[in-house]
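Quick caveat: nothing in here was measured; it's all calculated off a predicted structure.
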Amino acid sequence: MTGYFLRRALGALAVVLVLSAVVYAAFYIAPGDPARLACGPRCNPEQIRQVREQLSLNDPVYVQYWHFLQGIVSGHDYSTGTGVLHCQAPCFGLSYQNDQQVTDLIVQRLPATASLATGAMVVWLLLGTGTGLLSALRRGGLTERVLTWLTLAGTATPVFISGLGLLMLFCAYLEWLPFPTYVPLVDDPEQWAWNMLLPWLALGLLESAKYARLTRSSMLETLAEDHIRTFRAYGATERSLIARHALRGAVAPVVALTAADFGSMFGNAMLTEMMFGLPGIGQLLVNATRTIDLPVVVAVVMVTGTAVVIANIVADLLYAAADRRVVLR
């Protein structure tokens with residue numbers, strides 16, 4: 001296990017390094033002038049030249065990339081109108097819009113995204129696995145057909161459609177819930193939960209359809225394996241077979257996929273954040289793209305990409321822990 005983890009960690013480090021090179025080349029070396037974007041449309045050539053010197057854009061490309069990596073690892077010093085600003089590691093630079101450290105912007109937005117991802121994960125696990133297990137155990141009947149159609153409908157419904165329907169039903173028509181306004185968890189846990197309920201449902205319902213299909217197929221495959229038939233031949237009850245033997249093997253891929261999806265939620269939840277006005281990382285990325293704030297875009301892509309890489313390692317470890325037949329090498 002230790003050797004496998006070390007190999008995966010080294011592989012993840014190499015993937016993140018390649019990702020940083022691709023992202024840096026795509027946004028800083030591609031056609032365009034970062035100095036002009038950082039300075040603004042009203043800057044004269046002399047001001048653009050000063051910004052170019054401050055950002056070390058006159059250096060060779062490999063030196064600029066080395067400074068980029070160095071800033072992530074150990075921080076970097078930037079010259080501003082009020083003096084020298086030290087950007088602590090991990091440093092992705094300063095925002096073109098307000099000279100604020102990009103890392104601080106991400107840290108400020110991280111709680112909203114983490115809240116959305118965690119709550120949605122609970123929703124899709126409860127609904128998805130429950131629906132999938134019920135569909136597998138009632139295979140061939142009316143219950144399975146109804147649940148299959150519901151999961152297909154859930155997969156085909158975009159999050160902005162389901163989110164709009166939830167807003168109209170619970171906020172406008174029934175008036176059971178207020179229109180969502182993000183409240184930090186540390187400020188008021190009760191209001192935080194009430195205001196996050198609809199975003200959790202909108203995103204969780206979309207993902208639960210995928211988990212329902214995965215759980216159903218995994219459960220049917222597990223029930224058809226030889227050791228299950230052997231236990232059944234020896235007289236084991238159906239409830240005992242499912243609870244003690246089949247469920248563990250069927251849930252293993254669900255656990256692995258959950259870890260991977262949870263990591264990708266930090267970048268894929270932007271539609272939900274924009275619809276419900278959540279100040280998360282996805283909304284930050286959309287706003288930075290509109291204003292061509294390159295340091296913010298690069299930082300968000302790096303953070304979400306790294307989260308996906310780490311989540312895949314965790315998914316492999318959880319898969320092996322959930323299914324003892326899996327051997328990590």
To the nearest 0.5 Å, what is the distance between CD on Glu221 and CE on Met219?
12.0 Å

Counting neighbours of CZ on Arg36 that are heavy atoms of other residues, nucleotides or ligands and sit closer than 6.0 Å, is the number greater than 12?
no

Result for ring pair (Phe, Tyr, Trp, His ring centres under 6.0 Å) between Tyr24 and one of Phe92, Tyr65, Tyr62 points to Tyr65

Output all residues satisfying side-chain hydrogen bond (donor to acceptor under 3.5 Å, both in side chains) with Asp261, sequence neighbours left out; order by chain, then residue number.
Lys210, Tyr211

Close side-chain approach of Pro199 and Leu278, heavy atoms under 4.5 Å
yes

Assess the side chains of Glu273 and Thr113: does a donor N or O sit below 3.5 Å from an acceptor N or O?
yes

Validation row: Leu285, Ile281 side chains within 4.5 angstrom (heavy atoms)
no

Hey, could you give me the CD1/OG1 distance between Ile72 and Thr306, rounded to the nearest 0.5 Å?
8.0 Å

Apart from Val73 itself, residues in the same hydrophobic cluster as defined by side-chain heavy atoms under 4.5 Å:
none

Taking only residues two or more places apart in sequence or in another chain, which ones pass side chain to side chain contact (heavy atoms under 4.5 Å, CB included) with Thr215?
Thr129, Leu133, Val254

For Tyr182, the ring-ring contact (aromatic ring centres under 6.0 Å, His included) test, sequence neighbours excluded, returns none

Met274: partners by side chain to side chain contact (heavy atoms under 4.5 Å, CB included), with sequence neighbours left out
Gln283, Val286, Arg290

side-chain hydrogen bond (donor to acceptor under 3.5 Å, both in side chains) partners for Thr272, two or more places apart:
none

Can you list every ring-ring contact (aromatic ring centres under 6.0 Å, His included) pair that touches residues 281-318, not counting sequence neighbours?
none

Show which residues join Trp66 in its hydrophobic cluster (side-chain heavy-atom contacts under 4.5 Å, direct or indirect), or state none.
none

Arg138 atom CZ, neighbour heavy-atom count above 12 within 6.0 Å:
no

Side-chain atoms of residues 298-305: list all donor-acceptor pairs with protein atoms under 3.5 Å, sequence neighbours left out, distances to 0.1 Å.
from   : atom 1 : to     : atom 2 : distance (Å)
Thr304 : OG1    : Val300 : O      : 2.8
Thr304 : OG1    : Val301 : O      : 3.1

Which residue pairs pass the ring-ring contact (aromatic ring centres under 6.0 Å, His included) test when at least one of the two sits in residues 271-291, sequence neighbours left out?
none

Could you list the residues that satisfy ring-ring contact (aromatic ring centres under 6.0 Å, His included) with Tyr96, not counting sequence neighbours?
none

Give the table of side-chain donor-acceptor pairs shorter than 3.5 Å for residues 172-180, with sequence neighbours excluded, one pair per line with atom names and distance.
none

Heavy-atom side-chain contact between Ser162 and Leu206 under 4.5 Å
no

To the nearest 0.5 Å, tell me how far Gln108 CD sits from Gln101 CD.
10.5 Å

